[in-house]
Each structure stands twice: as structure tokens, then as C-alpha cells.
Amino acid sequence: MSSRRFVWFLRFAVVAAAIGVSVAAAAEDASFERTFSSAYGELLANSKTAYGDKHYDEAAPLLKKAACAGDKESQWLLGHMYLAGTGVERNDLVGYSWLKVAAEFQSSEYRDTVQRIEQAIDPKQLPAARAAAQKYVDAYGLRTTNMSCARTASRHGHILDQITCTPRSEGRVVLLRRCEDESSSKPTADAPAK
């Protein structure tokens, strides 16, 4: 191959790769919302305050947004809300699914609770429940949401007693995974895919 053809081929390959990357990035961007990191902090604070004050109707949509974005504590709280029917219509499968996504972090409390639920499910129904929960993990787990989670100490203490999740950032803006819409074949924040 002549050097002129090689240079032309190389330029073509670089342009084609750039187009491919921008198409992939555009497809990925549609499932993420860009917001200021301070707004994300407010979302977490407002959702947990509403939940703590037992204003479950107010907490539910805020927790759903944070749970879809990948915040493990929000997924945990939302799962319990579905199991108890507080602020949302009771749905044991959806509650279990959110708890299963939260347990992806490997918290012993989260893992033990999911294990107890799985032991209580009829063994004939357990494979279907796990398959439904896996759809939530695939849609809202750490890999998909690009969250980075770690154990941290609350109130500037030394005991690591909470899980803090940080979304991927672009400067002062963070990327939050959106909840799947109802027309999608993937699970929504309210119900698993059929």
C-alpha cells in the first residue's frame, strides 16, 4: 500500500471511529440527565428528609429518581417502601428487586435482608423473582449508572456507617441515570418488564 493511500485510509479510520463514538455517546446520553452536583445533593437530602419525616408521598418520587440514578441507600429505602406499601402501591416483587439492586454494593445488612426474602419465596417462584430482579440490576446497577459507592462515616465520625454514592461528573455537572420510561421493554421504576 502506498504511503498516500495509507494516510487516506488512516484519516478515514479516525473519522469513522469518531462518528461511531459520537453516535454511541449520543445513545448513552439519552439515558442520562445532566444536572449540577449541588442539585443531586439536594435531591438526596430532600428525599431522605421526607422519608425520615414519614412524608412518604413526597419521598417516593424523589427516592425513585435517586434510585434510578444508582444511589444505593435510595434503592434500599424505595425497596422497603414497596414492600410495606408506604407512599407507593405495595408490590413485593418490585420491593425485592430494588433491595436486590441495593445489595449489589455488598453491605452485609442489604445482603442478609435479600437472603431472608429469598428464603421466604416459594422455591418454584424464586427463579422468576430473581430474573425480574436481575432486570433492575441491569438497568440501575453500578455498571449501568456509572456510580461510585463507598462506605463513609456520618457526622464526621470514625465509624463507617453509611453508603455514599457519587455519580460520574463532567466538571460541576453530574450524570444521573434516568428511570426507564413505560414504553420501554426494560423495567420501569414502578414495575418489572413483562
Side-chain angles (χ1 to χ4, degrees), residues 32-33 35 37-121 129-130 132-155 157 159-168 174-180 182 186-192:
F32 285 86
E33 171 186 344
T35 188
S37 58
S38 60
Y40 173 65
E42 286 177 27
L43 169 68
L44 293 178
N46 292 340
S47 65
K48 288 164 185 140
T49 298
Y51 184 87
D53 291 344
K54 299 184 184 201
H55 299 166
Y56 299 119
D57 291 339
E58 181 185 336
L62 299 172
L63 285 171
K64 281 181 191 175
K65 184 173 182 174
C68 291
D71 180 63
K72 295 302 174 190
E73 188 177 2
S74 297
Q75 292 168 346
W76 178 252
L77 294 174
L78 188 61
H80 283 285
M81 289 177 71
Y82 275 104
L83 290 174
T86 53
V88 294
E89 187 175 328
R90 182 178 173 170
N91 187 323
D92 292 342
L93 183 59
V94 173
Y96 161 72
S97 297
W98 278 118
L99 294 180
K100 187 84 169 174
V101 179
E104 172 190 43
F105 180 71
Q106 299 298 321
S107 160
S108 60
E109 178 187 7
Y110 292 6
R111 220 181 21 246
D112 292 347
T113 300
V114 167
Q115 211 170 34
R116 283 194 307 273
I117 291 171
E118 288 176 345
Q119 290 169 351
I121 296 174
R130 283 184 172 155
Q134 186 60 46
K135 291 179 182 178
Y136 279 77
V137 172
D138 292 344
Y140 307 116
L142 291 172
R143 178 175 285 165
T144 306
T145 61
N146 296 311
M147 275 285 181
S148 175
C149 299
R151 286 203 170 278
T152 58
S154 62
R155 299 187 185 115
I159 298 172
L160 303 178
D161 60 349
Q162 66 184 20
I163 298 170
T164 302
C165 295
T166 307
R168 185 177 68 190
V174 294
L175 301 174
L176 301 180
R177 172 92 168 130
R178 298 176 195 266
C179 294
E180 298 289 339
E182 307 247 347
K186 290 188 178 182
T188 66
D190 294 321

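By the ring pair (Phe, Tyr, Trp, His ring centres under 6.0 Å) test, Tyr56 is found to be paired with Tyr51, residues two or more places apart in sequence or in another chain being considered. With sequence neighbours excluded, no residue forms a side-chain hydrogen bond (donor to acceptor under 3.5 Å, both in side chains) with Ser47. Remark: Lys65 engages Glu33, Leu43 in a side chain to side chain contact (heavy atoms under 4.5 Å, CB included) (not counting sequence neighbours). Take Ala103 and apply the side chain to side chain contact (heavy atoms under 4.5 Å, CB included) test, not counting sequence neighbours, and it matches Tyr110, Val114. In this view, Asp57 satisfies the side chain to side chain contact (heavy atoms under 4.5 Å, CB included) rule with no residue, not counting sequence neighbours. Looking at residues two or more places apart in sequence or on another chain, you find a side chain to side chain contact (heavy atoms under 4.5 Å, CB included) between Ile117 and Leu83, Tyr96, Leu99, Thr113, Ile121. Residues forming a side-chain hydrogen bond (donor to acceptor under 3.5 Å, both in side chains) with Thr35 (at least two apart in sequence, or on another chain): none. Shown here are the side-chain hydrogen bond (donor to acceptor under 3.5 Å, both in side chains) partners of Thr164, two or more places apart in sequence or in another chain: Thr152.
Nearest heavy atom pair, residue Ala67 against residue Ser74, reads N-CB, 3.8 Å. Across every non-hydrogen atom of Ser107 and Ile163, the tightest pair is CB-CD1, 4.0 Å. Nearest approach of Lys72 to Cys149, heavy atoms of both residues: CG-SG, 3.9 Å. Minimum heavy-atom separation, Glu104 to Val137: OE2-CG1, 4.1 Å.
Leu142 contributes atom CG, which lies 6.5 Å from atom SG of Cys165 (distance to the nearest 0.5 angstrom). With rounding to the nearest 0.5 Å, the separation of CG in Asn46 from NE2 in His55 is 12.5 Å. The CZ atom of Arg168 sits 5.5 Å away from the CZ atom of Phe32 when rounded to the nearest 0.5 Å.
The shortest distance between side-chain heavy atoms of Lys64 and Val88 falls below 4.5 Å. In this structure the side chain of Lys48 reaches within 4.5 angstrom of the side chain of Leu77, judged on heavy atoms. Taking 4.5 Å as the limit, every side-chain heavy atom of Gln75 sits out of range of all side-chain heavy atoms of Tyr136. Considering only heavy atoms from C-beta on, Trp98 comes within 4.5 Å of Val94 through its side chain.
The side chain to side chain contact (heavy atoms under 4.5 Å, CB included) with Tyr40 is formed by just one residue from the set Thr166, Leu175, Val174; it is Val174.
At least one donor-acceptor pair under 3.5 Å links the side chain of Ser97 to the backbone N or O of Leu93. Remark: the backbone N or O of Ala139 is paired with a side-chain donor or acceptor of Arg177 at under 3.5 angstrom.
Residue pairs meeting the salt bridge (charged side-chain N to carboxylate O under 4.0 Å, His left out) criterion with at least one member in residues 92-103, sequence neighbours excluded, are Arg90-Asp92, Lys100-Glu118.
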